[in-house]
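Bear in mind the structure is a predicted one, so any value in this text is a computation, not a measurement. What you see below is based on every heavy atom in this structure, not just the backbone, and it leaves out hydrogens, waters and symmetry mates. Whatever order the structure lists ligands and atoms in, that order sets their numbers, starting from 1.
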Amino acid sequence: MDEIKISILGMGYVGLTSGMAYAKHGFKTVCTDAIASKIENLNKGIPPFYEPELEDLVNNMVNKGMLSGSTDNIEAIRDSDVTFICVGTPPLPDGSADLTAVKDTAKDIGTVLKDKNEYHVVVTKSTIVPGTTEDLVLPIVEKYSNKKAGQDFGLCMNPEFLRQGQAVHDSLYPDRIVIGEFDKKSGDVLERIYSGYDCPKMRCEIKVAELIKYAANSLLATKITLANEFSRISEKFNIDVYEVMKGVGMDFRINPMFLGAGCGFGGSCFPKDVKAIVALSKKIGVETPLLDAVLYTNELQPMHFVDIIKDTVGNLDGKTIAFLGLSFKPDTDDTRETRALPIIEKLYQEGAHVKAYDPKAYYKFKPLTDLPIEYMKSWKDALKNADFAVVQSDWQEIKDIKPEDYKTLLKNPIVIDGRRSYNPHDLIKNGITYRAIGWKNLDD
Ligand code: UDX
């Protein structure tokens, strides 16, 4: 294997951004997806989702011939040396992951390897619970190829830790790389692919790599949840939870990251992964009271935010609310598990009407609900003649709104902030009533 060629099955956030990064590191990479329009666009240099800086880099790599798209898994696997499985593992009703796409790709890989003489490494990158690579993927590949893992082909598990909104940075400059390996030869191939990445690398058993991803996401979700619980305690003492967490995060054993209280965590990973590991634990007879509580608190937090809104403005019946930010966090158009949905649903139950604005997420939010939300083209349109404003995701564009704009456009100069998007003092000294999760009420 002189020059390593890579195929990536599944062109979601993980597949495409990793593919772009491998291409940038000098590996010819082909990404496949079942949706033909996604592939047509990729081959024109257009990614299927919004992610800062991604379009320029993808365009560049496509033009250089280093990155391409295909709908044909078989051809992509055959013409490559290493195949990453990056397909989706969406949650089933019981919280466990739907592994249909993983099984289908394993079958495709096995079918190709049957007639391929060269050594090929199969890598799972989709988030999958411990045992999935060795107990599900491996037997399928062996069955369809009639070959043996560790002997005729290689097998690894390589979890991905990128954050949406920072996916380009995280895939080019990860803070660590975990290589779960079936045998040394398989791991050595991945180590070669990552030789140009300047970060610590950890090699371990496949099951360890699989569980690291769940443990890392569970810990981050727990940190956020702790900050969220302390936000409610802080409110009772009329103190600022951000000041409390600043002091907490100064402990080097804790660090300041992911202690930002808000209206709960969303996205494609934290809710899904915590639910999946809880579901798996139940199946194998392990109790998870900590993670059960994390999930419970995450449902409470958006409702608590609505309570703050009601405490501030009173009865919501007949009120028009400027709702800023629909995505699960800034810099992404992704609305999976966005806290905007339960909050807006509750606001409608209380009789309010919502004028919503998001810089990118309108198209992905709209299909989530039939509520008569007015979707506005700009934050100015959302604020105009609304009774007050609510902030759900702290896009820079929303953070840049001036107190003057709130004062002139809203009927009442009231901003209720679910993400601590502003320095409260800036708004308060400009005559705005400011309320936020875990914030002391200076004007009481
Ligand atoms: C997360 C992990 O960070 C990443 O390592 C993993 O690969 C995928 O899951 P992502 O979901 O893209 O990444 O976003 P992240 O920045 O982690 O935020 C997740 C949610 O937590 C968002 O809803 C965000 O608003 C919320 N959050 C984050 C907080 O409420 N407070 C914080 O301090 C940080």
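Of all the heavy atoms of Asn228, none lies under 4.0 Å from any atom of ligand 1, so neither backbone nor side chain is involved. Contacts of Met257 with ligand 1, taken as heavy-atom pairs under 4.0 Å, are absent altogether. With a 4.0 Å heavy-atom cut-off, ligand 1 is reached by the backbone of Leu162 but not by any atom from C-beta on.
At least one heavy atom of Lys213 sits less than 4.0 Å from an atom of ligand 1. Heavy atoms of Gly266 approach ligand 1 to within less than 4.0 angstrom. For Arg419, the heavy-atom gap to ligand 1 drops under 4.0 angstrom.
For Asp81 and Lys5, the salt-bridge test fails: no basic side-chain N is under 4.0 Å from an acidic carboxylate O. The residues Asp188 and Arg192 are annotated as not salt-bridged, no charged nitrogen and carboxylate oxygen being separated by less than 4.0 angstrom.
A cation-pi arrangement is not found for Arg339 relative to Phe328, the charged atom failing to lie both closer than 6.0 Å to the ring centre and inside a 45° cone about the ring normal.
Taking the six-membered ring where the residue is Trp, Tyr406 and Tyr422 present perpendicular rings, their angle passing 60° and hence far from 30°. The aromatic rings of Tyr197 and Tyr194 lie perpendicular to each other, with more than 60° between the two planes, well past the 30° mark.
The heavy atom nearest to atom 2 (C) of ligand 1, considering only Phe270, Tyr13, Phe265, is found in Phe270.
For Gln164, a nitrogen or oxygen atom sits less than 3.5 Å from a nitrogen or oxygen atom of ligand 1, counting backbone and side chain alike. Close N/O approach between Phe161 and ligand 1 is found [any backbone or side-chain N/O within under 3.5 Å].
The closest protein non-hydrogen atom to atom 9 (O) of ligand 1 is Cys269 CB, 3.0 Å. Among protein heavy atoms, atom 31 (N) of ligand 1 sits closest to Gly260 O, 2.8 Å. Protein heavy atom in closest approach to atom 34 (C) of ligand 1: Phe258 CD2, 3.5 Å. Residue, atom and distance of the protein heavy atom nearest to atom 3 (O) of ligand 1 are Arg163 CG, 3.4 Å. Among protein heavy atoms, the minimum distance from atom 11 (O) of ligand 1 is reached at Phe328 CE1, 3.6 Å. In terms of protein heavy atoms, atom 27 (N) of ligand 1 is closest to Ile224 CD1, 3.4 Å. Considering only non-hydrogen protein atoms, atom 14 (O) of ligand 1 sits nearest to Lys329 NZ, 2.9 Å.
When each of Ile4, Ile6, Val82 is tested with Val121 by the rule side-chain contact (heavy atoms from CB on, under 4.5 Å), just one qualifies, namely Val82. Screening Val241, Leu300, Asp307 for a side-chain contact (heavy atoms from CB on, under 4.5 Å) involving Arg232 leaves a single residue, Leu300.
Note: Tyr22 and Phe84 meet the aromatic proximity criterion, with ring centroids under 6.0 Å apart. Ring centroid separation for the pair Phe49 and Tyr13 comes in under the 6.0 Å cut-off.
Looking only at atom types and distance, the side chain of Ser126 has no donor-acceptor partner in the side chain of Thr89 under 3.5 Å away.
Atom CG of Leu259 sits about 7.5 Å away from atom CG of Leu226, to the nearest 0.5 Å.
Under a 4.0 Å criterion applied to the non-hydrogen atoms of Glu160, ligand 1 contributes the atoms 7 (O).
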